[in-house]
Protein chains: 2
Amino acid sequence: MARTGRPREFDRESAVRQAMNLFWAKGFESTSLSDLKSTLGGLSSASFYAAFGSKKALYEECLAEYMGTCGELVATLRDESLSAREALRVMLWRSIEIQTSRDSPLGCMAVLSGIVCDDDNADVAELARNARKVNRDAIADCLARGVANGELADDGSAEAFTLTLDSFLKGLAVQSRDGISREALLRSADQLLSILDR
Amino acid sequence: MARTGRPREFDRESAVRQAMNLFWAKGFESTSLSDLKSTLGGLSSASFYAAFGSKKALYEECLAEYMGTCGELVATLRDESLSAREALRVMLWRSIEIQTSRDSPLGCMAVLSGIVCDDDNADVAELARNARKVNRDAIADCLARGVANGELADDGSAEAFTLTLDSFLKGLAVQSRDGISREALLRSADQLLSILDR
DNA sequence: CAAATTCCGGATCATTCATTCCATAAATCA
DNA sequence: TGATTTATGGAATGAATGATCCGGAATTTG
């Protein structure tokens with residue numbers, strides 16, 4: 001079912017991925033339209049707005065792309081073939097691997113690209129906040145599963161450990177940006193999980 | 001030794017404190033000159049530049065003010081009247097108290113105000129990065145002191161725990177911004193310190 | 001007093017920002 | 001073919017950005 005009209009001269013999907021990397025690296029506000037236009041192959045303003053609507057709309061798409069790919073942690077946490085502890089460990093390792101990879105910007109897009117914003121961009125900050133909440137809730141669910149299983153002690157510490165893990169996870173975004181090595185962060189992650197052993 | 005010339009019509013010290021709160025709340029780039037000028041009592045551009053030099057210079061002053069007051073954690077960590085564990089606990093509690101206080105912006109200025117920047121402001125990001133490093137190094141020193149004391153096990157885990165604690169600490173900035181309660185974060189902090197008990 | 005010094009109000013600067021508009025180009029549909 | 005639809009190139013929009021400049025006001029010094 002070929003679309004009518006003049007065909008687009010660039011690949012929209014890969015453009016979104018490139019834009020995602022820009023927003024990830026520089027944040028929403030520091031990424032300017034001219035940054036975007038030149039990175040996405042030197043397209044014109046008209047092409048940009050026709051394809052994406054606005055800078056905010058593109059950011060929303062990029063954040064969704066991020067959460068579905070590089071920032072995807074929920075699937076691991078919900079994987080019932082893994083014990084809760086294993087799932088948490090895989091999740092942490094996977095996150096550290098991506099956050100410290102040299103093939104993409106350092107740190108976590110959901111943390112870095114939308115925490116601090118101008119009042120005009122409060123909606124952007126909220127998008128990022130919702131993205132962060134998704135992971136926090138998934139951690140809580142994973143721990144609840146472990147408690148229900150009998151795998152983890154039912155001593156009421158799960159809520160606290162959710163925040164402990166999630167705060168650590170978010171702190172990783174800062175550490176990665178500050179140049180802390182992957183190996184050092186992995187050792188920390190394993191040490192953190194030792195709280196579950198007692 | 002009274003200075004010659006027309007006296008300044010505003011209190012420079014309190015202006016720096018107000019600017020600090022602005023940068024803390026909105027970050028360096030989202031805080032505009034007109035934000036600053038109106039918040040600091042509606043002063044003119046001439047007065048602003050005469051008093052502070054530039055936006056960056058004022059930010060540097062504000063960050064130093066922050067690190068010397070609200071963000072001050074080093075003194076606690078170096079307090080030899082406390083055990084290493086006590087010092088770490090007081091440090092975490094103090095940080096959580098400030099980061100979740102309603103009397104000042106949520107979270108940590110060193111984390112939130114200067115992680116993500118435009119290329120033009122790379123020097124601002126570096127100022128913030130250096131400020132973050134100060135605390136990380138102080139945590140490492142505190143743990144080293146505990147090991148040297150015999151208070152903590154000399155099993156080589158101190159480096160990892162430095163990062164575990166520091167990542168958690170930096171993650172608190174995000175959690176505070178996301179509205180997580182002080183009490184929940186305090187419980188997490190205590191749970192995290194339980195790693196030292198074994 | 002006058003000279004020197006510092007500060008202030010307000011206009012102004014060149015840039016950059018995100019966005020819109022218009023004429024034209026390239027495709028499909030009838 | 002001609003009508004319709006969509007995309008492109010490039011100019012233009014108004015608002016906001018950080019910073020500078022000038023004339024005058026307020027103060028100390030001599």
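All values reported here derive from a predicted model rather than from experimental measurement. So you know, we letter chains A, B, ... as the sequences are listed, proteins then strands, and number each from 1.
No engagement by A:Phe52 is indicated, since no non-hydrogen atom pair under 4.0 Å with the nucleic acid exists. Using a 4.0 Å heavy-atom criterion, one finds that B:Ala50 contacts no nucleic acid atom at all.
Here the P atom of nucleotide C:dT20 and the NZ atom of A:Lys55 are 14 Å apart, to the nearest Å. Between the P atom of C:dC7 and the CG atom of B:Asp11 lies a distance of 14 Å, rounded to the nearest Å. Nucleotide C:dC7 holds its C1' atom 11 Å from the CG atom of B:Leu43, rounded to whole Å. Atom CZ of A:Arg3 and atom P of C:dC29 are 11 Å apart (whole Å). Atom OH in B:Tyr49 sits roughly 17 Å away from atom P in C:dC13 (whole-Å rounding).
Aromatic ring centroids of B:Tyr59 and B:Phe23 lie under 6.0 Å apart.
Nearest nucleotide to the A:Pro7 side chain, out of C:dA26, C:dC8, D:dT27: C:dA26. Checking D:dG9, D:dT28, C:dA11 against every side-chain atom of B:Ser45, the shortest atom distance belongs to C:dA11. Checking C:dT5, C:dT19, C:dC8 against every side-chain atom of A:Ser54, the shortest atom distance belongs to C:dT19.
Residues of residues 31-40 of chain A having a heavy atom closer than 4.0 Å to DNA chain D: none are found. Non-hydrogen atoms lying under 4.0 Å from DNA chain D are contributed by nothing in residues 112-128 of chain A.
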Which donor-acceptor pairs under 3.5 Å do the side chains of residues 39-49 of chain B make with protein atoms, sequence neighbours left out?
unit_1  : atom_1 : unit_2  : atom_2 : d
B:Thr39 : OG1    : B:Asp35 : O      : 2.9
B:Ser44 : OG     : B:Ser47 : N      : 3.2
B:Ser44 : OG     : B:Ser47 : OG     : 3.0
B:Ser45 : OG     : B:Lys37 : NZ     : 2.7

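Checked by atom type and distance alone, the side chain of A:Arg12 pairs as donor or acceptor with a backbone atom of A:Ala51 at under 3.5 Å. Panel note: side chain B:Lys55, backbone B:Thr31; a donor-acceptor pair is recorded below 3.5 Å.
Put simply, A:Arg8 has a side-chain N or O that comes within less than 4.0 Å of OP1 or OP2 on D:dA7. Distances shorter than 4.0 Å separate some side-chain N or O of B:Ser47 from OP1 or OP2 on C:dC8.
Where B:Lys56 and B:Arg6 meet DNA chain D, the nucleotide closest to each residue was compared, and B:Lys56 sits on the side nearer the 5' end. Position along DNA chain D of the nearest nucleotide to B:Phe48 versus B:Glu9 favours B:Phe48 as the more 5'-ward residue. Mapping A:Glu29 and A:Ala46 onto DNA chain C by nearest heavy atom places A:Glu29 closer to the 5' end of the strand.
Shortest non-hydrogen contact noted between A:Cys70 and A:Ile98 is O-CD1, 2.9 Å.
The OG atom of A:Ser176 lies 4.5 Å from the CD atom of A:Gln99; values are rounded to the nearest 0.5 Å. Separating the CD atom in A:Glu72 from the CE atom in A:Met91 is a distance of 11.5 Å, to the nearest 0.5 Å.
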Mind running salt bridge (charged side-chain N to carboxylate O under 4.0 Å, His left out) on B:Asp141 and B:Arg145 for me, showing each step along the way?
CA-CA 6 Å; B:Asp141 291 346; B:Arg145 175 165 71 87; over 6 Å; no

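Side chains of B:Met20 and B:Leu63 form no contact here, defined as non-hydrogen atoms less than 4.5 Å apart.
A side-chain donor from one of A:Gln175 and B:Arg136 sits under 3.5 Å from a side-chain acceptor of the other.
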